[in-house]
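In what follows, a structure is listed as structure tokens, so that the remarks can point back to it.
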Number of protein chains: 2
Amino acid sequence: MEEEGYRLQARMVKALAHSTRLQMLALLQKGELCACEFGPLLGLRQSNVSQHLAVLRKANLVNTRRDGVRVMYTLADERTGEVLDTLGHIARDQFAEAAAALREVATG
Amino acid sequence: MEEEGYRLQARMVKALAHSTRLQMLALLQKGELCACEFGPLLGLRQSNVSQHLAVLRKANLVNTRRDGVRVMYTLADERTGEVLDTLGHIARDQFAEAAAALREVATG
DNA sequence: TCGCTATATTCGCGAATCCTAATATATTAT
DNA sequence: ATAATATATTAGGATTCGCGAATATAGCGA
């Protein structure tokens, strides 16, 4: 019952727990990205982008490097992508099941 | 850019984002459990247990069945366990890396 | 240096989360 | 029906989160 380990794990999961950050990580799965690209791609304001990126940084989910005036972001751990994929599958299947159940009710 | 899919995924991840719920799911990985067992095992009050279980239920992360006066809980999707394991590994490795970095600084 | 662009941080407020205590509901036994 | 146990829900207040706006900070070129 290493309570403390779960606290660490929870801190990481909290950092994942926002649709914007999930989208950011999904984009990073395809490769390195400049901070400046998230705003236009996701329709977010600059400060909002920076705040979400800060959350990901503090959770060590991403790495950064400077390239002149820009800051480039990458996934810190390739297993993160794996986790996101699996979560996506579970969510999709849940949705499919719910839809099927609805159809069942509708068609009696 | 299926924004909506990420919203669903985020809802699920939010349900995972608490150390108590992570512990509950870890317990369920070992098999079915009665609601009444979480309190004593995790040192939580009854209402708190029930609230956390409600979060897991609403996110379809667990299934329930009644057995008389008790309610038995199981993991809804075995892939959830897989996700939790991977997240645990990532968190542990992060911690190890941080510790190593600290040692480096200390021994300079 | 100054100005310009890219990032990061801070502030303030509304919304969401979490906890305890209290109350409600459900199931079984007497 | 009543009592007893197991669960669930509600109410409340404290803490945290998320956002926009404003304000730093950093690097680069004129």
Side-chain angles (χ1 to χ4, degrees), chain A residues 3-4 6-28 32-76, chain B residues 3-4 6-28 32-76:
Chain A
E3 159 74 42
E4 200 52 29
Y6 287 103
R7 225 177 276 284
L8 282 180
Q9 198 174 334
R11 212 187 312 162
M12 187 191 322
V13 176
K14 269 186 226 277
L16 297 175
H18 193 287
S19 66
T20 295
R21 294 194 290 271
L22 289 175
Q23 289 181 79
M24 287 175 153
L25 293 171
L27 287 172
L28 289 176
E32 192 177 48
L33 220 54
C34 167
C36 63
E37 305 188 72
F38 292 104
L41 282 171
L42 303 177
L44 302 172
R45 306 185 186 260
Q46 186 270 323
S47 68
N48 199 3
V49 168
S50 206
Q51 286 168 345
H52 282 300
L53 289 174
V55 172
L56 295 177
R57 257 184 286 125
K58 282 171 189 164
N60 294 309
L61 288 167
V62 295
N63 290 325
T64 62
R65 76 179 171 87
R66 240 192 201 283
D67 180 18
V69 75
R70 317 195 152 190
V71 177
M72 309 298 294
Y73 282 78
T74 49
L75 276 192
Chain B
E3 160 73 42
E4 200 51 30
Y6 288 103
R7 224 177 277 283
L8 282 180
Q9 199 174 332
R11 214 190 308 164
M12 187 190 322
V13 176
K14 268 184 224 280
L16 296 176
H18 194 286
S19 65
T20 295
R21 295 195 289 273
L22 290 175
Q23 289 182 77
M24 287 175 152
L25 293 171
L27 287 172
L28 289 176
E32 192 177 49
L33 219 54
C34 166
C36 63
E37 306 189 71
F38 291 104
L41 281 171
L42 303 177
L44 303 172
R45 303 180 191 265
Q46 185 271 324
S47 68
N48 199 2
V49 168
S50 205
Q51 286 169 342
H52 282 301
L53 288 174
V55 171
L56 296 176
R57 256 184 286 124
K58 282 171 189 164
N60 294 309
L61 289 167
V62 295
N63 290 327
T64 62
R65 76 180 170 88
R66 240 193 202 280
D67 180 17
V69 74
R70 316 195 154 190
V71 178
M72 309 298 294
Y73 281 77
T74 49
L75 276 193

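Chain naming here is simple, since letters A, B, ... match the order of the sequence lines and numbering starts at 1 in each.
OP1 and OP2 of dC17(D) both lie 4.0 Å or more from every side-chain N or O belonging to H18(B). For the pair N48(A) and dG18(D), the criterion of a side-chain N or O lying under 4.0 Å from OP1 or OP2 is not met. Contact annotation: H52(A) reaches the phosphate of dC19(D) (side-chain N/O to OP1 or OP2, under 4.0 Å).
Each end of the helix from dT1(C)-dA30(D) to dT30(C)-dA1(D) gets its own axis, taken as the rotation carrying the C1' atoms of four end pairs onto the next four within a five-pair window, and the two axes meet at 10° to the nearest 10 degrees.
Under 3.5 Å, the side chain of Q51(B) and the base of dT17(C) form no donor-acceptor pair of N or O atoms.
When each of dG18(D), dC18(C), dA21(C) is scored by its nearest atom to the side-chain atoms of R21(A), the top-ranked nucleotide is dG18(D).
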Show me the donor-acceptor pairs, under 3.5 Å and distance only, between side chains in residues 53-64 of chain A and residues at least two apart or in other chains.
residue : atom : partner : partner atom : Å
R57(A)  : NE   : Y73(A)  : OH           : 3.1

Check: residues 37-49 of chain B side-chain donor-acceptor pairs under 3.5 Å, at least two apart:
residue : atom : partner : partner atom : Å
E37(B)  : OE2  : C34(B)  : N            : 3.1
N48(B)  : OD1  : H52(B)  : NE2          : 3.2

Give every donor-acceptor pair under 3.5 Å between a side-chain atom in residues 9-18 of chain A and any protein atom, sequence neighbours left out.
residue : atom : partner : partner atom : Å
Q9(A)   : NE2  : L84(B)  : O            : 3.3
K14(A)  : NZ   : A17(B)  : O            : 3.3
H18(A)  : ND1  : T20(A)  : N            : 3.1

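Rounding to whole angstrom units, CG of residue L56(A) and P of dA8(C) are separated by 11 Å. When rounded to the nearest whole Å, the span between CG of D67(A) and P of dA26(D) equals 18 Å. Whole-Å rounding puts the R65(A) CZ to dG27(D) P distance at 15 Å. Atom CZ of R7(A) is separated from atom P of dT16(D) by 13 Å (rounded to the nearest Å). For the pair K14(A) NZ and dT17(C) P, the computed distance is 11 Å after rounding to whole Å.
How far CG of L25(B) is from CG of L33(B): 11.5 Å, rounded to the nearest 0.5 Å. With values rounded to the nearest 0.5 angstrom, M24(B) atom CE is found 10.5 Å from S19(B) atom OG.
Applying the side chain to side chain donor-acceptor pair (under 3.5 Å) criterion to R65(A), with sequence neighbours excluded, gives E32(A).
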Report all interatomic pairs (protein N or O, nucleotide N or O of nucleotides 6-8 of chain D) with separations under 3.5 Å.
residue : atom : partner : partner atom : Å
dA6(D)  : O3'  : V69(B)  : O            : 3.4
dT7(D)  : OP1  : V71(B)  : N            : 3.2
dT7(D)  : OP2  : C36(B)  : N            : 3.1
dA8(D)  : OP1  : Y73(B)  : OH           : 2.9
dA8(D)  : OP2  : S50(B)  : OG           : 3.2
dA8(D)  : OP2  : Y73(B)  : OH           : 3.4
dA8(D)  : N7   : Q46(B)  : NE2          : 2.8
dA8(D)  : N6   : Q46(B)  : OE1          : 3.1

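Across all their heavy atoms, Y6(B) and A26(A) have their closest contact at OH-CB, 3.2 Å.
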